[in-house]
Structure formats: structure tokens, C-alpha cells
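Remarks on the structure that follows.
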There are 2 protein chains.
Amino acid sequence: MSPKEEIAASRKDQIMNSAAALFASQGFYKTTTAHVAEAVGVTQPYVFHFFKSKEQLYLAVLERAYERLHRAFSAVDAPPEELAHKMGLAFNTLLESYRNEILLLMQCFTTPEPAIREYSRRTHSRIYNTVKTRFKTAGVPKPGTEASIFISCGLIITLSEILELPELSPWHEDLD
Amino acid sequence: MSPKEEIAASRKDQIMNSAAALFASQGFYKTTTAHVAEAVGVTQPYVFHFFKSKEQLYLAVLERAYERLHRAFSAVDAPPEELAHKMGLAFNTLLESYRNEILLLMQCFTTPEPAIREYSRRTHSRIYNTVKTRFKTAGVPKPGTEASIFISCGLIITLSEILELPELSPWHEDLD
DNA sequence: ACAATTTTATTTATTGATAAATAAATGAAG
DNA sequence: CTTCATTTATTTATCAATAAATAAAATTGT
């Protein structure tokens with residue numbers, strides 16, 4: 001965020017932004033409410049004025065990330081044979097603009113907190129159905145299988161980003 | 001483990017087995033050394049007699065899991081056009097026999113502990129190179145790309161298992 | 001003066017880790 | 001054999017640190 005936007009953003013938004021960055025890189029457990037507060041420049045208990053628990057904060061960040069992904073995918077328009085490719089481009093654009101949120105979204109399923117698990121399940125299910133429906137509507141054969149492959153692609157990109165192993169990315173040129 | 005094997009297994013092995021199950025389902029942070037100890041039936045400080053820290057225990061379990069995967073993949077023998085398929089079968093067999101270890105292996109990259117991150121990086125890199133080399137030696141074209149796709153397949157299966165969303169699995173039949 | 005914002009002070013619970021004590025097994029000497 | 005000594009296996013007790021959450025006070029703006 002630019003300085004101007006930083007000022008314009010409400011405290012709640014600032015907290016969610018810092019939380020997204022920290023949750024994405026440090027995960028749910030290693031990210032403390034004190035870290036989030038410090039990143040924003042407020043005191044730790046103040047975080048609880050906006051979110052009744054650390055878990056609720058995490059879920060709020062996750063939901064916002066999902067909505068952004070959903071909007072981005074919904075905005076893609078292309079003929080059937082280009083659809084998957086264009087959705088891939090949309091995913092990459094999102095990864096550049098909202099890296100934290102995307103990495104969090106693709107990673108959340110490993111957080112064993114029951115409420116987060118359940119939410120992750122719902123979220124991944126929603127993503128799958130969105131993608132599948134888009135493929136199906138466009139007349140792509142085997143839309144379910146295609147959607148599954150598409151998401152697996154997102155997963156390996158995430159893994160490659162987190163571990164800094166570019167050769168794992170499907171975009172990496174396969175020489176020799 | 002059967003009762004007989006349970007007795008035969010050394011304390012250290014028992015601790016690693018319980019730790020594998022707990023780390024796979026509860027993750028690094030939510031799994032306490034007390035939980036591991038309780039699952040084995042020993043006291044919490046005794047775990048530290050075998051592993052100098054919880055982190056070392058995690059890494060030991062991870063290494064054992066990697067070695068099992070490596071052996072399984074190395075044992076696969078097939079002509080080029082069947083190789084990927086047969087390696088997929090080997091992965092599935094392993095997932096049935098050593099579910100905990102496999103899920104842990106595919107999940108470990110999200111644990112933000114620096115030493116674990118570094119180890120995950122190394123481990124995933126080793127898996128990738130193993131698979132790529134196998135494809136290349138067999139004469140499969142684009143072995144790097146194929147290896148990347150193969151691993152992404154493992155990731156989506158893991159996601160589907162953890163969240164209990166069978167429709168996300170590549171093996172799920174794509175009806176309608 | 002009122003309402004919204006933000007801080008200080010504090011509590012409670014959890015958990016990884018250490019140290020010292022005890023019990024059990026093993027083996028050698030009488 | 002069986003007693004004693006020595007090592008190995010395991011427990012009890014405890015510490016120190018961390019972190020989420022609550023409540024009440026204080027500050028700021030209108």
C-alpha cells in the first residue's frame with residue numbers, strides 16, 4: 001500500500017493487511033497478535049477491539065482473500081480453448097498484486113485449528129465449484145477434472161514460491 | 001502396529017510413530033511433547049532423552065518419511081509410457097500404508113520454523129530431482145515438467161485427503 | 001460533555017525444557 | 001545361584017517464557 005492509501009485505510013483494514021502478510025509468511029501459530037499490532041503501530045489489546053479472537057481475525061482475512069480470488073476468476077472472459085490459460089494468467093496477476101492473500105488461501109488447509117479447517121474446507125470447495133462451473137458453462141469437456149488440475153497448478157506454484165524452488169513451477173522452462 | 005511389533009519397536013521408534021501421527025494431523029505447533037509422550041505411554045520429559053528438541057523430533061520423522069518415499073519411487077520399474085502411472089500407484093500404496101508420514105511430507109512446507117523450512121526445501125528439492133531423473137533416464141520428454149506435474153498431483157491428493165473433499169482428487173470420476 | 005479511539009495494567013494458561021531422583025535391568029564376583 | 005555394583009530406563013518436580021484475552025483507564029476529537 002502507498003502511504004496515502006495507508007492513511008486512508010481504516011484501522012481495521014490496516015490490521016487485516018498486516019495480519020495477511022504475517023499469517024502468510026509465519027502461519028497462524030507463529031503470528032502473535034502483538035506482531036500484528038506492532039506492524040500497524042498500535043497496542044496488542046487493541047486488535048481485540050476489532051476482532052473478538054485471533055482466530056476470527058484469521059478467518060476475516062481468509063474470507064477477504066477468497067472474495068478477491070472469486071471476483072478475479074469471475075471477471076475472466078475467453079473462448080473454451082483459452083479459458084484455462086486466461087484463468088491461469090488471472091491467478092498470476094493476483095499473485096503479484098496480493099501475494100500474501102493468495103499464499104494464505106492456498107496454505108490455509110494445513111492449519112489444524114478446527115474452525116479454520118472447516119472454513120478452509122468450505123473455501124476450497126467454493127473455489128473448486130467456481131472453476132468447475134466456469135469450465136462447464138464454457139463447454140470444456142471433463143470440467144471437474146480440469147478444475148482439479150487447475151487447482152493443483154495453484155498448489156505447486158504456492159509450494160515453489162514458499163520454498164523458493166522456481167524449478168518446481170509449471171512456468172519454469174524445462175531445458176536439457 | 002500390531003501388539004507384537006509394538007513391543008518389539010524401541011521407545012525411540014514408538015515416539016517417532018506417535019509423533020508422525022500427531023504432527024500429520026495436528027501440525028508442528030499444536031502437537032505438544034506431552035501429547036506425543038501420552039500417546040506412547042511415557043512421561044513428557046522422557047521424549048527429550050531421545051531428541052534434544054521438539055524440532056529435532058519433527059525433522060527426524062520427516063527424514064524417515066522422505067527415505068521411505070525415495071525407496072518406494074526407486075523400486076518402481078516400468079517402460080517410459082507407463083512410468084508416471086506406476087509411480088502414481090506407488091504413491092497411492094504408500095499413502096495407504098504410511099498415511100501419516102506422507103501427509104506430513106506433503107504438508108511440511110507450510111511450517112514456518114526456519115530450520116524446518118530449510119529442511120522442507122531440501123526435501124522437496126530431493127523428491128523433485130528423484131522423479132525428474134527417473135523420467136529423464138527413461139527417456140520421457142520434458143522430464144522437469146512431468147516431475148512438476150507429478151508432484152502437483154501429490155499436493156492435490158493431500159489437500160483432498162486433509163479436507164475430506166474427494167471430488168478434488170484426480171482419481172475422482174468426473175460425471176455430468 | 002459526549003462518544004469513539006486507544007493505552008496501561010494484569011490475568012491465566014500453556015508448554016518446551018532442565019535437573020535431580022528413582023526404579024529396573026544387567027553382569028560380575030563370591 | 002545370589003548378592004552387589006554399575007549402567008540404563010524412566011519419573012517427579014519445577015522453571016522460565018510466551019501469548020491470548022479482559023477490564024478499566026485515559027486520550028482524542030466534535
Side-chain angles (χ1 to χ4, degrees), chain A residues 5-62 104 108 111-117 119, chain B residues 1 3 5-62 104 108 110-119:
Chain A
E5 288 167 322
E6 197 71 64
I7 290 161
S10 74
R11 275 272 126 100
K12 191 173 179 179
D13 286 341
Q14 287 180 293
I15 289 171
M16 284 178 73
N17 293 342
S18 292
L22 289 165
F23 283 141
S25 66
Q26 303 289 345
F28 179 75
Y29 299 103
K30 237 201 162 186
T31 298
T32 70
T33 57
H35 289 152
V36 174
E38 190 189 7
V40 175
V42 297
T43 56
Q44 177 259 330
Y46 194 37
V47 172
F48 290 85
H49 187 256
F50 299 98
F51 303 93
K52 85 161 193 283
S53 68
K54 178 178 156 182
E55 187 173 279
Q56 286 300 311
L57 169 59
Y58 186 94
L59 294 176
V61 171
L62 200 56
L104 183 65
C108 66
T111 303
E113 217 59 31
I116 295 179
R117 261 293 145 79
Y119 209 91
Chain B
M1 274 212 283
E5 287 168 324
E6 196 72 66
I7 291 160
S10 74
R11 275 287 192 250
K12 191 173 180 180
D13 286 340
Q14 286 181 292
I15 289 172
M16 285 178 73
N17 293 341
S18 292
L22 288 165
F23 283 141
S25 66
Q26 303 288 342
F28 179 75
Y29 299 102
K30 237 201 160 186
T31 299
T32 68
T33 56
H35 289 151
V36 174
E38 191 189 8
V40 175
V42 297
T43 57
Q44 178 260 330
Y46 195 37
V47 172
F48 290 86
H49 186 256
F50 299 97
F51 302 92
K52 86 163 192 281
S53 67
K54 179 178 156 181
E55 188 173 279
Q56 287 300 312
L57 169 58
Y58 186 94
L59 294 176
V61 172
L62 201 56
L104 183 65
C108 66
T110 66
T111 302
E113 218 59 32
I116 295 179
R117 258 296 142 80
E118 189 49 40
Y119 208 91

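Quick note on labels: first sequence line is chain A, next is B, and so on, each numbered from 1. Quick caveat: nothing in here was measured; it's all calculated off a predicted structure.
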Review point. Would B/Glu113 and B/Tyr58 count as having a side-chain donor-acceptor pair, cut-off 3.5 Å?
Key: no
Check your understanding: Has the side chain of B/Thr31 got a donor or acceptor atom that lies under 3.5 Å from a matching backbone atom of B/Leu22?
Key -> yes
Check your understanding: So is A/Lys54 actually on top of A/Phe28's ring, under 6.0 Å and inside 45° of the axis?
Key -> yes
Revision key, fill the gap. Checking B/Val61, B/Val40, B/Val42 against B/Ser18 for side-chain contact (heavy atoms from CB on, under 4.5 Å), the one that qualifies is B/Val40
Study note, to complete from the structure: Nt span of DNA chain D in reach of chain B heavy atoms at under 4.0 Å, 5' end first, is D/dA9 to D/dA13
Study note, to complete from the structure: Sorted by number, residues from residues 34-58 of chain A placing a heavy atom under 4.0 Å from DNA chain D are A/Gln44, A/Pro45, A/Phe48, A/Ser53, A/Lys54
Check your understanding: Which word best sums up how the rings of A/Phe50 and A/Tyr46 line up, parallel for under 30°, tilted for 30 to 60°, or perpendicular for over 60°?
Key -> perpendicular
Point to revise | Qualifying residues under salt bridge (charged side-chain N to carboxylate O under 4.0 Å, His left out), relative to A/Lys12, sequence neighbours excluded | key: none
Practice item. Kindly determine whether B/Ile15 and B/Phe51 satisfy side-chain contact (heavy atoms from CB on, under 4.5 Å), including the steps that lead there. Key: CA-CA 10 Å; B/Ile15 289 172; B/Phe51 302 92; 3.9 Å; yes
Practice item. Could you tell me the separation between the NZ atom of B/Lys30 and the C1' atom of C/dT14, rounded to a whole number of Å? Key: 13 Å
Exercise for review: Kindly indicate, with the supporting measurements, whether the criterion side-chain hydrogen bond (donor to acceptor under 3.5 Å, both in side chains) is fulfilled by B/Gln44 and B/Thr33.
Suggested key: CA-CA 6 Å; B/Gln44 178 260 330; B/Thr33 56; 3.2 Å; yes
Review point. Would one find a side-chain N or O of A/Arg11 under 4.0 angstrom from OP1 or OP2 of C/dT6?
Key: yes
